[in-house]
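Atoms within a ligand are numbered from 1 in the order they appear, just like the ligands themselves. The model shown is predicted, which means the values in this text are computed figures rather than measured ones.
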Amino acid sequence: MLEARYDFQVGVPDPRLFPMETWRRLVARELRVSAAGYGEPSGYAPLREAISRHIGISRSVHAGPGDVLITNGAQQALDLVGRVLIEPGACVAVEEPGYPPARQLFRSLGARVAGVPVDAEGLVVEAIPGSARIVYVTPSHQFPLGTPMSLARRAALLAWAERRNAVVIEDDYDSEFRFGERPLEPLQSLDRAGRVVYVGSFSKTLLPMLRLGFLVAPASLGPALRAAKRLSDWHGELPTQAALARFIDEGLLARHIRKATREYAARHALITDALAGDDRLRLVPSTAGLHLCARLAPGVSVRPVPGVAVERLEAYCGEKPPQPGLVLGYGAITQQAIPGGLRLLRSGMSAAPEPARPLP
Ligand SMILES: Cc1ncc(COP(=O)(O)O)c(C=O)c1O
């Protein structure tokens, strides 16, 4: 297949921004000095310490090193939580639209997955099925819409979880790239009843190929999660974990995030400004992450344009009816390419039917 000239792929950071030489040096050093035997299932201890400090500062997550379990990306964190908590036929509530790999994973573990609508404040808590005891959410930057969950909705979700004795899986996959004010507290730090498992990923702040993520679980789930991790792959790769511990401790992660945030903020602004006046689209407000979502006005269609790769919102809808829209990632496309890519993309859109009905 020909590579797209204008690539609005979702969910990938820009590898050109990553300090690869520094990373290579850190990994090479750890390959020489790391112990060669087995490690602890919860992961390399200095990395757990570094992560607990980092997320305390950057995300206000309350976690000691003993609460952190290092995983092979967020996906393995979801897998471990699922293995520990999902019984065959159990109902797991997920956002609709939402993140397909999470939905597919829970289904593969025997769950009945129920899509719950998302409105301008986030997951509609009253719509969670009565039988659900696990809810998977992306409150910082709803995937794929981009809306943050309101404080009132966060409080309602936590109250629901406490009432139902349920567990909330909070996937905080890309909120370190922030272009606005300081974000709302994560569910994890608002939770007083030990109902939240917080899941983090380095796939956006570093690179997806490194497969580095982590979870922070309430103490009651710790032993079962560590046992599940040991049965799964014992622990991840120790030299990579050790390299990341140094990367964080030496301030290199914070520096990389600051630099990448400036770049992504500029790309985000270019897309927002270019689409602002187009009545065929309505951008969903968002001030974080690596993608933007635009809903299509009723009756507007988009045909594929050669050279432009863009994803449809419909691809993230597990249930009918699909919601028409576009999800525009800006991790893979440069600032220089954005205006041309959007011009071409819009050349494939039909005109808005007259008079355009207001968007929901
Ligand atoms: C909602 C969501 N969660 C998690 C991830 C990252 O997953 P992983 O850490 O397994 O690469 C992504 C990546 O696109 C995502 O969109």
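- Checked by atom type and distance alone, the side chain of Glu170 pairs as donor or acceptor with a backbone atom of Leu187 at under 3.5 Å.
- Backbone and side-chain nitrogen or oxygen atoms of Ser203 are examined, and one is located within less than 3.5 angstrom of a nitrogen or oxygen of ligand 1.
- A donor-acceptor pair is defined here as one N or O able to donate and one able to accept, closer than 3.5 Å; such a pair exists between the side chain of His268 and the backbone of Ser286.
- In this model, no donor atom of one side chain and acceptor atom of the other lie less than 3.5 Å apart for Arg16 and Thr334.
- Side-chain atoms of Glu95 come within 3.5 Å of backbone N or O of Thr138 as a donor-acceptor pair.
- With hydrogens left out, the protein atom closest to atom 6 (C) of ligand 1 is Ser201 OG, 3.8 Å, a heavy atom.
- Between the side chain of Gln241 and the backbone N or O of Tyr44 there is at least one donor-acceptor pair closer than 3.5 Å.
- When non-hydrogen atoms are compared, ligand 1 lies under 4.0 Å from the side chain of Arg211 (C-beta onward) but not from its backbone.
- For the residue pair Ser131 / Arg112, a side-chain donor-acceptor distance below 3.5 Å is found, with atom types taken as modelled.
- The single protein non-hydrogen atom nearest to atom 3 (N) of ligand 1 is Asp171 OD2, 2.6 Å, given as residue, atom name and distance.
- Residue Ala74 places at least one N or O, backbone or side chain, under 3.5 Å from an N or O of ligand 1.
- Proximity of Pro208 to ligand 1, defined as any heavy-atom pair under 4.0 Å, is not found for any part of the residue.
- Atom numbering of ligand 1 starts at 1 in the shown order; those under 4.0 Å from a heavy atom of Gly73 are 9 (O), 10 (O).
- Of the protein's non-hydrogen atoms, Lys204 NZ, 2.6 Å is the one closest to atom 14 (O) of ligand 1.
- The residue from Arg48, Arg226, Lys229, Arg230 that alone fulfils the salt bridge (Lys or Arg N to Asp or Glu O under 4.0 Å) condition with Glu40 is Arg48.
- Of the possible donor and acceptor atoms, one in the side chain of Gln142 sits under 3.5 Å from a partner among the backbone N and O of Leu145.
- Contacts between Phe214 and ligand 1, counted as non-hydrogen atom pairs separated by less than 4.0 Å, are absent for every part of the residue.
- Put simply, no part of Gln76 is less than 4.0 Å from ligand 1, judged by heavy atoms.
- Of all protein heavy atoms, the one lying nearest to atom 5 (C) of ligand 1 is Tyr99 OH, 3.4 Å.
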